[in-house]
Amino acid sequence: MKRLWELKQSAQADVLDMYLYGDVESGGYDWWSGQYVESETSAAHFRDELAKYPEAREIRVYINSYGGSVFEGTAIYNQLRRHPAKVTVYIDGFACSVASVVAMAGDRVVMPRNAMMMIHNAYLYAVGNAAELRKAADDLDAINRGNRQAYLQKAGDRLSEEALIAMLDAETWLTAEDCIRLGLADEYAEKDVDLEEASAVLEKAKLNVKQRIQLQKALAAQLRDMAAAPPTQAAQEGPPQASTEKSEPIAHTAGIMGMLGGVFDIRK
C-alpha cells in the first residue's frame, strides 16, 4: 500500500515535496508487540522526517485529505509556519477539516477550479459528570478560537472573524473560487483535478482505517470474553502461576481499550 504521508527530496536538491493523502492521525497501541506505534500521518513523524532535510529552501505540500486529529494537524501547521523555507500548498482534490488548517500554512495556496475545501468546528466524544462535560465544551471553544487564527492570518482583511465563525458553525464547503475570493487560496491550478479519483483514494484510506478499528474492537471483545471466562479445571488444579497467565488477557484488553480510546481524538 502506498504511504498516505510521504516526504521526499525532489529533483532539485533544495526543494522538498510533501504528500498528505488520507486522514491526519496520531499513533496507537500495538497489542501484538505491546508498544506504541507512531503514525506516518502524525506531527511527530513529520517533525522527524522534516529534520532530515535541513537545507530545504522550498516545501511543496500536496493535500488530499478529509481531515483528522486537531492536535496533529495544528502541530503540522505550526511546524510549516515556523520553517524558514517557502511553503507552497497544492490542493489535489479535497482539503477538509483540519487538512484545511494545514493548507493555511502555505505562503501560496494553489487550487484546481474543481477542488474543494471544507471548514467546520472541532468536535469530540466526551464522557463524564456535568463539570467535566462543561469543561469539555469550554476546551472546544478555546481550540476553535485557536484554529480560527490560521484562517484569519491567511485571509488577511478579506475575511472577518464574524463571517468565519458563521461559516465554521454551518460546516461550509468552499470552491476554489470561494477560497480565492476569501483569501484562503491564492491562485488556480493550470488543470482540473479528477475528483472521482481523489475521492476513491480517500475512501480506500478510510476503509483501511475502518478495517483496523473493526479488528481492534473484535480483538478487544475476544480478550474481554477470555478474561471474564471461568477458569478451566486444569487452571483450578494447577500451580499458582496459572493466575498470572489469566491476568495477561486482562492487561492486553486494557491496552487495546486504551488504543481504541485514542481513536476518539478531538476531530476536524
Side-chain angles (χ1 to χ4, degrees), residues 16-21 23-24 41 43 46 50 57-123 139-193 195 198 202 266-268:
L16 186 63
D17 289 338
M18 173 184 123
Y19 297 85
L20 178 51
Y21 276 37
D23 291 347
V24 182
T41 63
F46 174 55
L50 189 61
R57 294 175 179 265
E58 180 181 359
I59 300 174
R60 298 187 298 216
V61 185
Y62 301 87
I63 295 177
N64 183 30
S65 172
Y66 286 149
S69 167
V70 169
F71 297 135
E72 301 302 312
T74 301
I76 292 167
Y77 163 83
N78 286 322
Q79 289 179 48
L80 289 171
R81 289 280 295 175
R82 188 167 59 244
H83 200 282
K86 176 184 176 182
V87 178
T88 303
V89 172
Y90 298 89
I91 309 301
D92 284 352
F94 300 93
C96 302
S97 196
V98 80
S100 68
V101 174
V102 175
M104 295 301 99
D107 299 302
R108 186 168 64 106
V109 178
V110 181
M111 289 185 72
R113 291 179 183 272
N114 64 336
M116 299 293 295
M117 186 178 290
M118 188 273 283
I119 62 174
H120 67 164
N121 290 314
Y123 67 93
D139 290 344
L140 278 178
D141 286 340
I143 290 167
N144 287 326
R145 284 196 299 272
N147 274 184
R148 288 201 296 268
Q149 302 312 306
Y151 301 111
L152 294 172
Q153 287 183 27
K154 178 61 182 174
D157 58 4
R158 297 192 195 180
L159 180 61
S160 69
E161 187 162 14
E162 293 74 16
L164 175 61
I165 290 173
M167 288 192 294
L168 290 167
D169 288 345
E171 189 170 285
T172 303
W173 284 87
L174 301 169
T175 64
E177 182 180 2
D178 294 330
C179 290
I180 291 175
R181 174 174 52 83
L182 295 169
L184 304 179
D186 300 291
E187 62 186 80
Y188 295 115
E190 293 182 1
K191 296 181 179 179
D192 286 351
V193 69
L195 285 182
L202 294 179
I266 296 179
R267 316 293 290 182
K268 269 180 73 71

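By convention here, the first residue in the shown sequence is residue 1.
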### Aromatic plane relationship, Phe94 with Trp173 - under 30° parallel, 30 to 60° tilted, over 60° perpendicular
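It falls in the perpendicular class, over 60°.
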Any Lys/Arg nitrogen of [X] or [Y] sitting under 4.0 Å from an Asp/Glu carboxylate oxygen of the other?
X      : Y      : answer
Glu187 : Arg108 : yes
Asp107 : Lys86  : no
Asp186 : Lys154 : yes

Beyond-backbone contact of [X] with [Y], side-chain heavy atoms, under 4.5 angstrom:
X      : Y      : result
Leu182 : Tyr151 : no
Leu159 : Met167 : yes
Leu20  : Asn64  : no
Arg60  : Tyr90  : yes
Gln149 : Glu161 : yes

### Message
By the definition side chain to side chain contact (heavy atoms under 4.5 Å, CB included), identify the one residue from Val89, Leu50, Val87, Val61 that meets it with Met18.
### Response
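That would be Val61.
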### Message
I'd like to know if the side chain of Thr74 pairs up with that of Asn147 as donor and acceptor (distance under 3.5 Å, no hydrogens or angles considered).
### Response
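Their side chains do contain a donor-acceptor pair, which is all the 3.5 Å distance test asks for.
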### Message
Under a plain distance cut-off of 3.5 Å, with no hydrogens placed, do Tyr21 and Asp92 share a side-chain donor-acceptor pair?
### Response
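There is such a pair (donor and acceptor under 3.5 Å, judged by atom type) between the side chains of Asp92 and Tyr21.
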### Task
Indicate yes or no for a side-chain donor-acceptor contact from Arg81 to the backbone of Gly106 under 3.5 Å, with no hydrogens or angles considered.
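Not a single qualifying donor-acceptor pair exists.
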### Task
Give the minimum heavy-atom separation between Leu174 and Cys179, together with the two atoms involved.
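For Leu174 versus Cys179, the nearest heavy atoms are CB-SG, 3.7 Å.
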### Query
Which atom pair, heavy atoms only, marks the closest approach of Gln79 to Ala43?
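Residues Gln79 and Ala43, closest heavy atoms: NE2-O, 3.3 Å.
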